[in-house]
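Contents: one structure, followed by commentary.
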Amino acid sequence: MIRTASAIDIQRVKRSRLPETDLEHLKFGRVFTDHMFVMDYADGAWQQPKIMPYGDLELSPATLVLHYAQTIFEGMKAYRDDQGRVNLFRPQANIARMARSAVRMCMPPVPEDTFLEGLKELVRMDAAWIPQGADAALYIRPFLFASDEYIGVKPSEGYRFMIFICPVRGYYQEPLRVKLELEYSRAFPGGTGEVKCGGNYAGGLYPSKMGQDIGYHQNLWTDAMEHKYIEESGTMNVFFIIDGVLTTPSLDGTILAGITRDSILTLAREKGLKTAERKITVDEVVTGIRNGRVSAAFGAGTAATIAPIKVVGYKGEDLQLPDLGADSEVNLIGKMLDDIRRGHKPDTHGWVVGTE
Ligand code: COI
């Protein structure tokens with residue numbers, strides 16, 4: 001082990017898997033870089049951080065997380081800029097959100113400086129894995145889970161924090177067909193909808209699969225109480241252009257505060273577009289698509305970036321949305337975001353964080 005100045009113990013792979021990896025044809029989330037970051041929480045304190053070869057975990061069958069889902073995660077990306085530098089996009093926002101998730105799930109927040117330092121070191125070590133091309137990036141997955149060997153229902157005393165990386169290209173290959181979900185729910189008031197915990201995703205699998213079985217990519221989640229208001233789309237925030245206003249559901253405790261969502265709103269406002277964060281009813285979207293007042297819809301997330309929606313399924317009917325033209329306002333905002341991330345345009349927001 002090499003002890004670096006930053007006190008991360010680093011053990012490098014003896015031989016990289018990169019030469020035998022096809023970075024041109026990547027399936028999202030199936031390819032993993034050489035190294036991972038690991039830090040345990042034990043006896044009330046964070047232990048020695050380590051970077052080691054990516055590999056399997058050995059866990060007791062009684063590990064708490066496997067039973068009661070005390071686990072949270074984040075998704076962020078690193079990009080190579082025109083000068084060849086590798087940058088993270090808004091990592092502090094992910095770190096802060098993960099700390100909020102930790103509090104809600106009775107877990108110890110990861111110290112911000114160790115998190116950022118470990119992230120930078122890991123990305124530096126595996127920077128050669130960034131694919132070439134317009135949609136290419138490293139997708140970074142930090143996560144924290146309950147590691148006690150115990151099956152009583154209580155917060156764990158021990159935790160493991162890890163980060164691994166996937167080289168990725170686009171998440172969706174085509175405009176989306178989404179189904180308005182009017183029976184099942186992703187989140188409810190007082191629940192965990194606004195944090196990024198594993199259970200939110202597990203609960204969505206069955207209704208999502210039912211939608212996928214009849215030809216939809218994702219569900220368009222509605223509120224749990226009345227199924228009257230739109231909340232999110234699949235694993236993304238959702239935006240509609242309604243009467244020319246870029247409109248997205250307000251953050252009311254059941255919706256994840258997406259960092260891509262926030263970046264889009266910020267850029268749109270600076271560009272002088274009208275924006276609104278408010279409750280959006282199912283009825284106004286259905287009626288609005290029919291009468292043309294809803295002129296576009298898209299999902300926004302780290303993995304998917306901006307994912308155009310072309311069909312909204314409502315009670316067996318497919319409501320068609322116009323294609324987003326290349327020069328549409330939505331695509332122009334997507335391009336502005338990409339230009340900042342890849343260093344083509346100055347970063348006036350302090351969003352881009354170098355790894356050097
Ligand atoms: C992300 O966009 O980072 C997400 O969390 C979606 C993921 C579940 C693939």
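Residue indices begin at 1 and follow the sequence shown. One-based numbering, in listed order, for ligands and for the atoms of each.
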Side chain, backbone, both or neither: M76 near ligand 1, heavy atoms under 4.0 Å: neither
Polar side-chain atom of D318 near backbone of G313 as donor-acceptor pair, under 3.5 Å: no
Looking only at protein heavy atoms, which one is nearest to [atom], and what is the separation?
atom: atom 7 (C) of ligand 1; answer: R141 NH2, 3.9 Å
atom: atom 8 (C) of ligand 1; answer: Y201 CE2, 3.9 Å
atom: atom 9 (C) of ligand 1; answer: Y171 OH, 3.7 Å
atom: atom 2 (O) of ligand 1; answer: A303 N, 2.8 Å

For ligand 1, which atoms have a heavy atom of [X] less than 4.0 angstrom away?
X: K196; answer: 4 (C), 5 (O)
X: G75; answer: 3 (O)
X: Y139; answer: 1 (C), 3 (O), 4 (C), 5 (O)
X: F73; answer: 5 (O)

Face-on cation placement of K77 at F89 ring, 6.0 Å and 45° thresholds: no
Student check: side-chain heavy atoms of W129 and L138 closer than 4.5 Å: yes
Geometric class of the Y54/F32 ring pair [parallel <30°, tilted 30-60°, perpendicular >60°]: parallel
Y206 and Y184 aromatic ring geometry - parallel, tilted or perpendicular at 30°/60° bounds: perpendicular
Heavy atom of E74, distance to ligand 1 below 4.0 Å: no
Check: F73 ring centre within less than 6.0 Å of F145 ring centre: no
Cationic N near anionic O, under 4.0 Å, E194 to R186: no
